[in-house]
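Basis for what follows: all heavy atoms, side chains included, without hydrogens, waters or symmetry-related copies. Whatever order the structure lists them in is the order used to number ligands and atoms, beginning at 1.
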Amino acid sequence: MDHFNYKDNELYAEDIKVTDLAKQYGTPLYVYSKATLVRHLRAFEEALAAKDHLVCYAVKANSSLALLSVIAQSGCGFDVVSKGELMRVIKAGGSPEKVIYSGVGKREDEIEFALSQKIKCLNIESESEMYKVEQVAERMGLVAPVALRVNPNVDAKTHPSISTGLKKNKFGIAFEDASRLYRYIAQSKHLNASGIDCHIGSQMTSGAPIIEATDKLISLYKELLEIGIKIDHIDIGGGLGVTYNDETPPSPYEYLAAVIARLKDFDVAIYCEPGRAMVANAGILLTDVLYLKSNTERNFCIVDAAMGDLIRPALYNSWMNIIPALKRDKSDALEGSDANGNRLYDVVGPICESDDFLGKDRHLNVREGDILAVRGAGAYGSTMSSNYNSRPLCAEVLVDGSKAFVIRERQKEEDMWRDERMLENSTSHDFS
Ligand code: LLP
C-alpha cells in the first residue's frame, strides 16, 4: 500500500495532483511520499518489536539527505557501504552508533573514518580485510566492533545480477572459514566479535531463502557459543522484495516473524538491512511524453526520462509499472487503439542507446504533453542515475500531505562540469 492513488482519474501523491508537481518543478521529477516511507519504517520496527533489534536502512537504495533525516528521526539505524554514505547519514542527523558498514572492498581510509566515528559494527567480507581492520584499529589504539559477513551458499531465487549469497558471488566469507576467523578475532586485542552477518540477495519474493540462511547463521552462532565466543547480534541482511508487477512478497511482519520464531530462545539481537522494501513504493518518477511515433512494427512513446535517470529496466530488464497521470476515457482514443482505448507502446528515453527504455509493450492511452509516472521508483532510481549524454540529474520532491518540499534542485548544466578543467587551467605533473 502506498499514497499514490487516483481520484477522479487523476493521479495524486498524497494530497497533491502529480500534474501540478510536474508543472511546478518540471520533468523528469522524482516524487516521494513521506507517509508511505513512514508507514514502511513502522512496519519494520513493529515487526521486530518483540525482540532486541536494530533496523539498518540500506542507504544505497536511496541516499537523499531528506529521506535519511526522516529515517534517522524514526530511530532507525543505517547500513552504509562507503565513506560517502556514512557522511550522508551523519549530515542527515543519523547517529554513527546505529550504523553498520558493509561492502566487499572498503579502503583503509574508509575503515579509519568509520572507526573514528565509532560506528556500531563493521561487516567484514574477507580474511585480508579482517587483518586490515585489525591493523587500523591497532594504529588508532581502539577495539573495532566487527561481524563476519558469511556467504551461506543459499540461493535467493532472484535475478542473477542481484543474487549475492552463492559461492560464485564475490560477497562474504566462505561459511566453512568463519569459525576459524572468529577464533582469530577472539584472541585479537583490537577486534571484538559483535555479530554474524549475511545478505543473500535482493528483491526476494519468498521468505524461504532468508529462513534457510538464518538457520545457517544459528548453527554458526551455536558453534561459537560452544567455544566460548558470544556474539551480540545476528544480521539477516536486506533483500525483501516489493510488488512491481504481480509479485507477492511476504510482508515485513510475515518474513520477520519467522526469523524471530527461530531466534526467540537466544540471547541475541536481530539486525536487518532493508533498502528496497523501505523506499521503492514511496517514490515515483514523473516524465513528460515528448513525442509519439510509429512504424509498421512498433509504436514509440518518447519521454523525457532516460536510463540515466532510472537504469533498472535497461540494466536488469526490470519491469516497472508505467501509469498515466491522467486516465483518459476509452472514447478518447487514438487511431489503431484497442477496445480499451490503448495502443501498445515501447516507452523510451532520449539517450542514444537502443536499451534506453523504461518499459516495453505497454498498453497506454496517451498524447504528446501527457505526464506518465513510473511506480516503485523510490529504490535504486535516483541513486543509480548518471549524467550520460550530459543530461542533468533530476529534481526531487518530498510530499507531505498537501505540501511539497524540493529536496534536490534540478542539477544545472554548468554543475555537470564544475570539477573539470581544460588543459590551460588544469594541475599538471611531469612524469618524464
Ligand atoms: N545489505 C547489503 C549488504 C546489500 O548489498 C544490499 C543491497 C542491501 C542490504 C539492501 O537490499 P534490499 O533490501 O534493497 O534488497 N540495484 C539493484 C539492487 C542491488 C542491491 C544491492 N545490495 C536493483 O535495482 O534491483
Nitrogen or oxygen atoms of Y316 and ligand 1 under 3.5 Å apart: yes
Within 45° cone and under 6.0 Å: R312 NZ/CZ vs Y244 ring: yes
Side-chain donor or acceptor of T287 paired with backbone N/O of D304 under 3.5 Å: yes
M278, portion touching ligand 1 at heavy-atom distance under 4.0 Å: neither
Identity and separation of the nearest protein heavy atom to atom 19 (C) of ligand 1: I162 CG2, 3.8 Å
Atom 21 (C) of ligand 1 - nearest protein heavy atom and its distance: K60 CD, 3.8 Å
Closest protein heavy atom to atom 15 (O) of ligand 1, given as residue, atom name and distance to 0.1 Å: S202 OG, 2.4 Å
Test of proximity, D79 against ligand 1: N or O pairs below 3.5 Å: yes
Distance-only donor-acceptor check, side chains S402 and D15, under 3.5 Å: no
Atom indices of ligand 1 within 4.0 angstrom of G239 heavy atoms, with elements: 11 (O), 12 (P), 13 (O), 15 (O)
Donor-acceptor contact below 3.5 Å, side chain E14 vs main chain G401: yes
Q135 and Y131 side chains, donor-acceptor separation under 3.5 Å: no
Atoms in ligand 1 with a heavy atom of M384 nearer than 4.0 Å: 16 (N)
Flag for T205-E247: side-chain donor and acceptor within less than 3.5 Å: no
Exercise: do S385 and D309 side chains pair donor with acceptor under 3.5 Å: no
Polar contact flag for A277 and ligand 1 (N/O pairs, less than 3.5 Å): no
Flag, side chain of Y253 to backbone of E46, donor-acceptor distance under 3.5 Å: no
Per-atom contacts of ligand 1 with R276, taking only distances under 4.0 Å to non-hydrogen atoms: 12 (P), 13 (O), 14 (O), 18 (C), 23 (C), 25 (O)
Residue pair R149, S102: steps toward the side chain to side chain donor-acceptor pair (under 3.5 Å) verdict: CA-CA 8 Å; R149 173 175 176 181; S102 306; 5.7 Å; no
For atom 24 (O) of ligand 1, closest protein heavy-atom neighbour: R312 NE, 2.6 Å
Atoms of ligand 1 close to P274 [distance to a heavy atom under 4.0 angstrom, numbered from 1]: 13 (O)
Enumerated ligand 1 atoms positioned under 4.0 Å from heavy atoms of E273: 1 (N), 2 (C), 3 (C), 8 (C), 9 (C), 10 (C), 13 (O)
Closest to atom 8 (C) of ligand 1 among H199, M320, Q203 (heavy-atom distance): H199
Element-labelled atoms of ligand 1 that are located less than 4.0 Å from some non-hydrogen atom of A58: 8 (C), 9 (C), 10 (C)
G275-ligand 1 polar pair, N/O distance under 3.5 Å: yes
Lys/Arg-Asp/Glu bridge criterion (N-O < 4.0 Å) met for E127, R180: yes
Working for side-chain contact (heavy atoms from CB on, under 4.5 Å), residues K106 and K132: CA-CA 10 Å; K106 305 176 194 74; K132 178 73 78 188; over 6 Å; no
Numbered atoms and elements of ligand 1 in range of G238, under 4.0 angstrom, heavy atoms: 9 (C), 13 (O)
Heavy atom of the protein closest to atom 14 (O) of ligand 1 (residue, atom name, distance): Y380 OH, 2.6 Å
Under 4.0 Å to a heavy atom of R149 - the qualifying atoms of ligand 1, by number: 3 (C)
Note: D2-R39 ion pair, threshold 4.0 Å (strictly below): no
